[in-house]
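Notes follow the structure.
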Amino acid sequence: MASEAYRDTTAAQLALQARTLQTEPLPGERRAATAHLRRLGWTANELHDRLTALRCLRKAA
């Protein structure tokens, strides 16, 4: 991430949350796995939006 993102507390929190979710093992039960993947997807999307707003990334199509 660019230096602006390192100074942004929201981006830092989202990056840490995404990293934490990504390293957790996927639950074996279908509902729990679906919930885990939804949380990971939501976090990744929010991080993408935040980095785009900070102009660290180009806007996605």
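None of the values given here were measured: they were computed from a predicted structure.
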Mind checking the [atom1]-[atom2] spacing from [X] to [Y]? Nearest 0.5 Å is all I need.
X     : Y     : atom1 : atom2 : answer
Asn45 : Leu40 : CG    : CG    : 11.0 Å
Leu16 : Thr9  : CG    : OG1   : 12.5 Å
Glu46 : Gln13 : CD    : CD    : 12.5 Å
Thr43 : Arg38 : OG1   : CZ    : 13.5 Å

Test item: Asp8 and Leu51 side chains (from C-beta on) under 4.5 Å apart, heavy atoms: no
Heavy-atom pair with the smallest gap, counting every atom of Pro27 and Ala32: CB-CB, 3.6 Å
Taking every non-hydrogen atom, the tightest pair across Leu54 and Ala11: CD1-CB, 4.2 Å
Side-chain donor/acceptor of His36 to backbone N/O of Leu21, under 3.5 Å: yes
